[in-house]
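This report concerns only the one structure given below.
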Amino acid sequence: MSDSGMEINKIAGAVLLAGVIAMVSGLIAEALYTGTIAEEKGGEGKRGYVIAGAENAGSGEAPAAEPAKPVDIAPFLAKADSKAGEAQSKKCTTCHTFDKGGKNGVGPNQWGLVGGHFDHKDDYSYSPALQAQKQRTWTFQELSDFIAAPAKDIPGTKMSFAGIANPQDRANLIAYLNSLSDKPLPLPK
């Protein structure tokens, strides 16, 4: 075989190897991201990237924040601290803005959320799951249930936040969100 024929074989082999590596890498990435491996084994697939806000050991919050039944948030709101809620909102700033007239981020701006409809921002593209709920209003209890476990409360939501299990932390955050309005609603006594 001539030297030029050998060079062509080396180039063809390198291109073939690069293609195989790219294909295998893509399959592995897809399996990791979508949970394909877990689904094939009969398990529940989970996304590879979740914005985990505050699931810290010792903070009173549990990972995956899935309470067995909705917690009545009213007693927690009666002693809520909106300053503590403002601190809680820091974990939300990855996706949301909070100032009046603020731009949407990955998620909608949160000004005027409490008491507003589920699709309270006209200039934001909500998930079909949330659009199907657009006639509903963000009451204190609705917000608490959603913040506890967004994907469980409204399956199909774009919000990939794991949730906040601690009801007092949720109440503090809701009190802060309620203050972000020209007409805040009265909190329970």
Side-chain angles (χ1 to χ4, degrees), residues 35 38 43-47 49-98 104-121 124-181 183-189:
E44 186 174 310
K46 295 192 179 196
R47 290 190 142 200
Y49 181 75
V50 173
I51 300 172
E55 286 60 50
N56 300 330
S59 70
E61 296 176 12
E66 294 187 34
K69 60 182 179 174
V71 173
D72 181 10
I73 201 66
F76 296 96
L77 280 168
K79 55 185 178 178
D81 176 2
S82 66
K83 285 290 183 195
E86 184 175 8
Q88 283 283 328
S89 75
K90 300 297 183 219
K91 64 186 82 166
C92 308
T93 59
T94 303
C95 298
H96 298 282
T97 60
F98 296 90
N104 297 318
V106 173
N109 175 278
Q110 298 297 286
W111 183 271
L113 174 73
V114 179
H117 288 283
F118 274 33
D119 64 344
H120 76 287
K121 294 288 290 171
Y124 182 76
S125 177
Y126 291 92
S127 65
L130 212 85
Q131 287 176 352
Q133 307 287 328
K134 67 183 179 182
Q135 76 285 356
R136 293 173 61 192
T137 302
W138 285 119
T139 64
F140 297 134
Q141 189 62 50
E142 291 280 5
L143 275 168
S144 176
D145 296 346
F146 184 71
I147 294 169
K152 182 180 178 191
D153 189 54
I154 302 179
T157 182
K158 289 195 288 189
M159 190 161 151
S160 62
F161 182 67
I164 300 174
N166 184 302
Q168 190 60 60
D169 288 345
R170 287 197 311 270
N172 293 340
L173 178 59
I174 292 166
Y176 172 66
L177 290 172
N178 186 49
S179 73
L180 303 177
S181 172
K183 296 180 182 176
L185 300 176
L187 294 174
K189 302 234 185 262

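This is a predicted model, so every value here is computed, not measured. We number each residue from 1, following the sequence as shown.
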Problem - Contact summary for Ala74 and Pro188, nearest pair of heavy atoms - result: O-CB, 3.9 Å

Handout entry: Distance in Å, Ile154 CD1 paired with Glu142 CD, rounded so as to fall on 0.5 Å steps
Key = 7.5 Å

Problem - Donor-acceptor under 3.5 Å (His96 side chain, Pro108 main chain) - result: yes

Problem - Heavy-atom donor-acceptor pair, Gln131 side chain to Tyr126 backbone, under 3.5 Å - result: yes

Handout entry: Gap separating the CG atom of Asn172 from the NZ atom of Lys79, nearest 0.5 angstrom
Key = 10.0 Å

Problem - Heavy-atom pair with the smallest gap, counting every atom of Thr157 and Pro150 - result: CG2-O, 3.7 Å

Exercise for the section: Could you tell me whether the side chain of Ser181 and the main chain of Lys183 form a donor-acceptor pair under 3.5 Å? Expected result: yes

Problem - Residue pair Thr97 / Trp111, side-chain heavy-atom distance below 4.5 Å - result: no

Handout entry: Heavy-atom pair with the smallest gap, counting every atom of Leu77 and Ala171
Key = CD2-O, 3.5 Å

Handout entry: Backbone of Val106 reached by a side-chain donor or acceptor of Tyr124 within 3.5 Å
Key = yes

Problem - Donor-acceptor contact below 3.5 Å, side chain His120 vs main chain Asn109 - result: yes

Problem - Test item: Gln141 side-chain N/O and Val71 main-chain N/O as donor-acceptor pair under 3.5 Å - result: yes

Exercise for the section: With rounding to the nearest 0.5 Å, note down the distance linking CD in Gln88 to CG in Asp169. Expected result: 4.0 Å

Completion exercise
d(Ile147 CD1, Leu173 CG) to nearest 0.5 Å is 4.5 Å

Exercise for the section: Name all pairs fulfilling the salt bridge (Lys or Arg N to Asp or Glu O under 4.0 Å) condition that reach into residues 171-180, sequence neighbours left out, sorted by first residue then second. Expected result: none

Practice task
Look at the side chain of Ser127 and the backbone N and O of Leu130, then say whether any donor-acceptor pair between them is shorter than 3.5 Å.
Solution key: yes

Exercise for the section: Applying side chain to side chain contact (heavy atoms under 4.5 Å, CB included) between Leu143 and each of Ile73, Leu113, Asp153, report the one that passes. Expected result: Leu113

Exercise for the section: Answer whether the closest heavy-atom distance between the side chains of Thr94 and Phe161 falls below 4.5 Å. Expected result: no

Problem - Where Ser144 and Arg170 come nearest, the two heavy atoms and their spacing - result: OG-NE, 3.1 Å

Handout entry: Passing candidate, side chain to side chain contact (heavy atoms under 4.5 Å, CB included) with Tyr176, options Asn178, Ile174, Leu180
Key = Leu180

Handout entry: Reported CG-to-CH2 distance for the pair Leu177 and Trp138, which is rounded to 0.5 angstrom
Key = 10.5 Å

Completion exercise
Heavy atoms of Pro155 and Ala129 approach each other most closely as O-CB, 3.2 Å

Problem - Any donor-acceptor N/O pair, Arg136 side chain to Phe118 backbone, under 3.5 Å - result: no

Fill in the blank from the handout: The salt bridge (Lys or Arg N to Asp or Glu O under 4.0 Å) partners of Lys83 (sequence neighbours excluded) come to Glu86

